[in-house]
Amino acid sequence: MKREHTFGGWRLLVAIWPLFGFGGCIGSNVLAHEQRLVAPVVAELQFAPAPALPLVGLYESVLITGEVALAQRKVYYVFQGDGTYTAAALVESDGQSAFQTLSGTWRSLAAGLELDGKEPVPLEQAPGHVRITAPNGSLVLRAETLR
Amino acid sequence: MVQSMPRKLLQWIGVAAVLGLLAVAIGALMLVKDRVTLVLQAEASAAGPDPVALLRDDVQTLQRELGELRSQLGGNFEHLGAALEERAVARHAELQASAREVAQQHLQQQHAAERAAAAQLLSLQAELAALRSSLPVAGNRVPAADVSPGVAAGPTTEPAPGQTPVGENPVGQNPVGQNPAGEPSVGGNVPAGPEPTPTKETPAAAKAGSFLSFSVPAAKFQFDQSQTYTLLSDLCRVGFDAKSTLHDFTGVTGKVAGRFVADFDDPAGAWTGEVTCEAGTLKTGVDGRDTNMWEYLDAPHHAQIRFELGKFEATKVDVGARTAAGTLHGRMTIRGKTRDVSMPITVATDSSLRLQIEGQMPLKLSDYEVPVPSQLGGTITMQDEVKVWIALRARVQVGGAR
């Protein structure tokens, strides 16, 4: 028995389906496996050494790495033009969070950032960000403005 | 005499009439005595139905009603049995949850007690070390009257210009007061003279560290011990991949929350906790489809999709690298229906010491009584089975399991 196929009925409906405004649905819209995990914004930053960088301004941490990241959750620095700074860190211990505050002196040298006259630590720069690297962790700070 | 005659006559006539009537009556009775049947019948029965028939009808009605009651009673017993069974299952689940909660609280209290004891020990050791180090100073350089709490006692052994922590130190370090004049100083309110130089005799100082002039409490990421992890909502995603007649798509949400207690080196793999997401925040990129999806998930009435952690069956654990792989067993609740599930997962740790947990598993919508979407009379249909996946980041709670 010979079957005659005609381009009509439901086949036609399926064929013209995209023409009725559903064209955007066609094609796979599946999130790739490697894109499921939220990527931190700082991962895309390209840091370069920033000797003697004029740091004056307000900075907020966006990433803390290393063992210190277990307890230190957030850091703010205000580097002032007169060579002083004030800072606050949110530190967690035994399930309780509390701010520590500091004030002291700073200098941006060729060797990096000197805080309170101690050994300078490497200082790097990316657009809108700086990275300070200490022996037990690093701190990525984003430049902020006081509003 | 004349008047008494008619009276007597009348008396005789009356007697004769009575006797005559009596004779007629007797005669008539004799004639008809065999033809008369005396029937005594209740007055009401003459007009009403047959009582026996009524009684029979009543019995039949009662039998019929009894049969109906019997059949209904059987159904009701079945319903009652099902309800009791459902209640028993729910009660069992409640009891299990309560038992887990009690166990978790017990664990938390135990850890808190251990930490408190350890902190007290460290404090005592620090005080002892401070006393030891201050004794020769007090004896040689500082008058006894000057050694009092809250009084600065000279320069420090390690000058650190500019370092002036302000306020109460939350981590049990030696508090360092701010110099009223704003001058850099250390040891403003350290009792008993100069700040001791960290040595092996001061374990409290040795335990703590500093990071860019901040004091940081000693904290270890103990991958091989029971610890509490809190999901970082901003860095978590859960979703599903679905296939339909026309194309494949992903539904995803970042509204994820949860906490869990896990020990990756525990052979029993007993994990507790849960991960939840908001059903009404799942999005596929097509508004109309999202609206239908929320309706299918009955998001207004079952706002949360919940995954209750049960057991981690590890296939690979590297404590040093802080990585693991295995199968996570638990109970998934969607649209109010709870089913046992198993999800293969991988665990890694990023540079900020946050856990990265990724996994996926197949899931049938029909198992949770979620209608499978279909459009145009079934021309466009979605497959019943979807791939559910998680991509989570969690931070360990400093201070151990809680």
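Chain identifiers are assigned alphabetically (A, B, ...) following the order of the sequence lines, protein sequences preceding nucleic acid strands; residue numbering begins at 1 within each chain.
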**Message:** Can you confirm whether or not the ring centre of A:Tyr77 sits under 6.0 Å from the ring centre of A:Tyr59?
**Reply:** no
**Message:** Going by side chain to side chain contact (heavy atoms under 4.5 Å, CB included), name the residues that satisfy it together with A:Ala39, two or more places apart in sequence or in a different chain.
**Reply:** none
**Request:** Mind ranking B:Phe249, B:Phe221, B:Trp389 by heavy-atom pairs under 4.5 Å with chain A and telling me who comes out on top?
**Result:** B:Trp389
**Prompt:** Given the rule in the side-chain contact (heavy atoms from CB on, under 4.5 Å) test, do B:Phe264 and B:Asp224 qualify, once you have shown the distances and angles that lead to the verdict?
**Reply:** CA-CA 5 Å; B:Phe264 288 91; B:Asp224 55 347; over 6 Å; no
Cut-off 3.5 Å, no hydrogens considered: what does the side-chain donor-acceptor table look like for residues 119-127 of chain A, sequence neighbours left out?
| unit_1 | atom_1 | unit_2 | atom_2 | d |
| --- | --- | --- | --- | --- |
| A:Glu124 | OE1 | A:Arg131 | NE | 2.9 |
| A:Glu124 | OE1 | A:Arg131 | NH2 | 3.2 |
| A:Glu124 | OE2 | A:Arg131 | NH2 | 3.4 |

**Request:** Determine, for B:Asp248 against B:Lys387, whether the closest basic-nitrogen to carboxylate-oxygen distance falls under 4.0 angstrom.
**Result:** no
**Message:** Can you see whether A:Thr86 engages A:Ser103 through a side-chain donor-acceptor pair at a distance of less than 3.5 angstrom?
**Reply:** no
**Prompt:** Checking heavy atoms, do the side chain of B:Asp234, its backbone, both or neither come under 4.5 Å from chain A?
**Reply:** backbone
**Message:** Less than 4.0 angstrom from a charged side-chain N to a carboxylate O is my criterion; do B:Lys283 and B:Asp290 meet it?
**Reply:** no
**Request:** With a 4.5 angstrom heavy-atom cut-off, could you sort out which part of B:Ile390 is near chain A: side chain, backbone, both or neither?
**Result:** neither
**Request:** Classify the ring geometry between A:Phe79 and A:Tyr85 as parallel (under 30°), tilted (30 to 60°) or perpendicular (over 60°).
**Result:** tilted
**Message:** Report, in residue-number order, which members of residues 138-147 of chain A are under 4.5 Å from chain B by heavy-atom distance.
**Reply:** A:Ser138, A:Leu139
**Prompt:** With a 4.5 angstrom heavy-atom cut-off, which part of B:Thr284 approaches chain A: side chain, backbone, both or neither?
**Reply:** backbone
**Message:** If you count every heavy atom of other residues, nucleotides or ligands that lies below 6.0 Å from A:Glu60 atom CD, does the total exceed 12?
**Reply:** yes
**B:Arg395 to B:Tyr229 six-membered ring, cation-pi geometry met (6.0 Å, 45°)** = no
**Prompt:** Strictly by modelled atom types, are B:Asp350 and B:Ser352 linked by a side-chain donor-acceptor pair under 3.5 Å?
**Reply:** no
**Asked** Under 4.0 Å between a Lys/Arg side-chain N and an Asp/Glu carboxylate O for A:Glu67 and B:Lys220?
**Response** no
**Asked** Which residues, numbered in order, of residues 107-114 of chain A come under 4.5 angstrom of chain B by heavy-atom distance?
**Response** none
**Prompt:** Non-hydrogen atoms of chain B under 4.5 Å away: do they reach the side chain of A:Ala88, the backbone, both or neither?
**Reply:** backbone
